[in-house]
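Below is one structure, written out as structure tokens; comments come after it.
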Amino acid sequence: MTRWMLGAAMSLWFICPVLAGNLDANAVNDAARPEKQPAADKISAAVTKLQILLDRAQFSPGQIDGKLGDNALKALKRFAEQNGIGLDKAIAPELWDRLNAASEGPVLVDYKIADADVKGPFLKKLPARLDDMKSLEALSYTSPLEGLAEKFHMSEELLKSLNPGKAFDNAGETISVANLPARRELPRIVRLEIDKARATLSAYDSSGRLVAFYPASIGSPDRPTPTGTLKVTATNEQPTYRYNPEYKFKSVKSKKPFDIKPGPNNPVGAYWIGLSAQGYGIHGTAEPDKVSKSASHGCVRLTNWDVRVLGENVKRGTPVVFLDAPTESSSKQQGRRASN
């Protein structure tokens with residue numbers, strides 16, 4: 001029996017490296033620069049720290065999940081470019097040091113779950129179809145865990161990994177969370193750029209300096225994102241989603257317009273930035289883990305927390321430039337010009 005239990009424990013160690021690696025607040029706060037690029041499919045202390053540092057520097061990795069995926073790499077690359085540092089397969093010491101110097105304080109801190117975090121009301125289940133959402137009183141979170149994860153820009157998986165055995169529906173419970181500012185003030189934004197090819201949004205100040213960077217979901221060929229330059233026309237916290245039958249979504253049966261009540265799980269998330277083309281905007285999402293990994297219906301989709309920061313700092317009339325993917329001929333011309 002003892003031999004069997006030892007074998008089972010060894011098997012669990014190999015299957016669950018996160019648990020075996022003791023991913024706790026101390027491990028993350030004290031994490032050193034990884035000597036080689038971490039795997040994209042495994043949670044690590046160093047990547048968790050890296051993502052939180054990027055988020056605090058306004059180079060958003062999207063959802064903080066502890067994995068070095070595409071969104072984290074996009075943010076890391078732009079931060080490196082902004083600071084004139086090369087980015088290879090490994091994270092350079094200078095890059096790691098610059099990120100750590102960009103903000104102060106531990107990347108993980110203790111948080112006592114408040115009554116408001118567990119009060120609800122919560123949805124039993126988020127409907128998959130828009131038709132089934134229109135009768136709901138609010139598009140709320142489905143659990144305190146979902147709300148807490150979003151509050152601290154984290155995936156539910158990472159939050160649970162950092163807090164084994166903790167009850168997220170228990171007010172007064174102390175958990176480890178990302179140490180992020182509740183609100184952020186950016187320099188005056190004079191231009192937004194949507195890069196369709198890279199699925200990113202960049203905000204610039206009057207000197208042309210990049211002041212914020214976000215991964216974004218862009219429209220598909222069937223539902224394309226606009227081309228050219230639009231302007232910001234309005235911002236709206238807790239927007240109501242209005243379905244127009246002219247959209248002709250295949251998954252919607254209704255032939256009449258209908259509204260879906262506000263909430264973080266609303267089809268356009270918890271914040272809307274209106275643009276000067278009817279029906280188009282920059283908005284949040286109920287699925288932060290899918291930002292830049294799936295296509296939108298034509299609008300620009302960010303995480304709820306990223307679009308809120310952007311919306312609270314952008315003014316009406318700000319130009320929004322949509323950068324199309326370069327054609328083969330234009331790429332060749334650019335190459336010839338560069339070589340001349």
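Residues take their numbers from the sequence shown, with the count starting at 1.
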Side chain to side chain, K253 and R129, heavy atoms closer than 4.5 Å: yes
Heavy atoms of T48 and G66 approach each other most closely as OG1-CA, 3.4 Å
So, the side chain of D306 versus the backbone of L302: is there a donor-acceptor pair under 3.5 Å, distance only? no
So does R183 have more than 12 non-hydrogen atoms from other groups sitting under 6.0 Å from CZ? no
Determine whether a donor-acceptor pair (N or O, by modelled atom type, separation under 3.5 Å) exists between the side chain of D117 and the backbone of A114. yes
Is V232 close to I282 at the side-chain level, that is, under 4.5 Å between some pair of heavy atoms? no
What are the two closest non-hydrogen atoms of V291 and R301, and how far apart are they? CG1-O, 3.9 Å
Counting only heavy atoms from other residues, nucleotides and ligands, does the tally under 6.0 Å from NZ of K134 exceed 12? yes
Step-by-step side-chain contact (heavy atoms from CB on, under 4.5 Å) determination, I189 to Y204: CA-CA 6 Å; I189 297 170; Y204 296 90; over 6 Å; no
Rounded distance (nearest 0.5 Å) linking atom CD of Q238 with atom OG1 of T240: 9.0 Å
Salt bridge or not for K67 and D65, using N-O below 4.0 Å? no
Stepwise side-chain contact (heavy atoms from CB on, under 4.5 Å) test for T318 and R191: CA-CA 6 Å; T318 301; R191 185 178 84 260; 5.5 Å; no
Check this for me: does any side-chain nitrogen of one of R308 and E237 sit under 4.0 Å from a carboxylate oxygen of the other? yes
For S292 and A199, the nearest pair of non-hydrogen atoms, with its separation, is CB-O, 3.9 Å
Are L180 and F168 joined in one hydrophobic group, where the rule is that I, L, V, M, F, W and Y side chains link up if heavy atoms are under 4.5 Å apart? yes
Between N71 and Q51, do the side chains contain an N or O donor and an N or O acceptor separated by less than 3.5 Å? no
Could you check whether K151 and Y111, counting side-chain N and O atoms only, form a donor-acceptor pair closer than 3.5 Å? yes
Got a salt bridge between D115 and K119, using NZ or NE/NH1/NH2 to carboxylate O under 4.0 Å? no
Under the salt bridge (charged side-chain N to carboxylate O under 4.0 Å, His left out) test, residues paired with R242 that sit two or more places apart: D259
Within a reach of under 6.0 Å around CZ of R316, are more than 12 heavy atoms found that belong to other residues, nucleotides or ligands? no
R198 CZ: over 12 foreign heavy atoms closer than 6.0 Å: no
Of all residues at least two apart in sequence or in a different chain, which pass the side chain to side chain donor-acceptor pair (under 3.5 Å) check with N83? R98
Side chain to side chain contact (heavy atoms under 4.5 Å, CB included) with L192: of L275, L230, L201, only one passes, and it is L201
Any Lys/Arg nitrogen of R78 or D195 sitting under 4.0 Å from an Asp/Glu carboxylate oxygen of the other? no
Counterpart residues, ring-ring contact (aromatic ring centres under 6.0 Å, His included), relative to Y243 (two or more places apart): Y247, F249, F258
D70 CG: over 12 foreign heavy atoms closer than 6.0 Å: no
Qualifying residues under side chain to side chain donor-acceptor pair (under 3.5 Å), relative to E150, sequence neighbours excluded: Y141, N304
Within one Ile-Leu-Val-Met-Phe-Trp-Tyr cluster: L68 and L162, side-chain cutoff 4.5 Å: yes
By salt bridge (charged side-chain N to carboxylate O under 4.0 Å, His left out) - contacts of E173 (at least two apart): none
Is any side-chain heavy atom of I194 less than 4.5 Å from a side-chain heavy atom of V320? yes
If hydrophobic clusters are built from ILVMFWY residues whose side chains come within less than 4.5 Å, do I273 and F213 share one? no
Residues pairing under side chain to side chain donor-acceptor pair (under 3.5 Å) where one sits in residues 267-288, two or more places apart or in two chains, turn out to be E287-K290
Interatomic distance, CD@E104 vs CG@N179, rounded to 0.5 Å, equals 11.0 Å
Please find out if less than 6.0 Å separates the ring center of Y214 from that of F59. no
Using every non-hydrogen atom in the two residues, find where P34 and I91 come nearest and quote the distance to one decimal. CG-CD1, 3.9 Å
Is a salt bridge present between K196 and D324, judged by a nitrogen-to-oxygen distance below 4.0 Å? yes
Compare every heavy atom of V211 with every heavy atom of P187, then report the nearest pair and how far apart it is. CG-CG1, 3.9 Å
Stepwise side-chain hydrogen bond (donor to acceptor under 3.5 Å, both in side chains) test for S60 and D55: CA-CA 5 Å; S60 173; D55 187 302; 4.9 Å; no
Does the distance from a Lys or Arg side-chain N to an Asp or Glu carboxylate O, for K49 and D30, drop under 4.0 Å? no
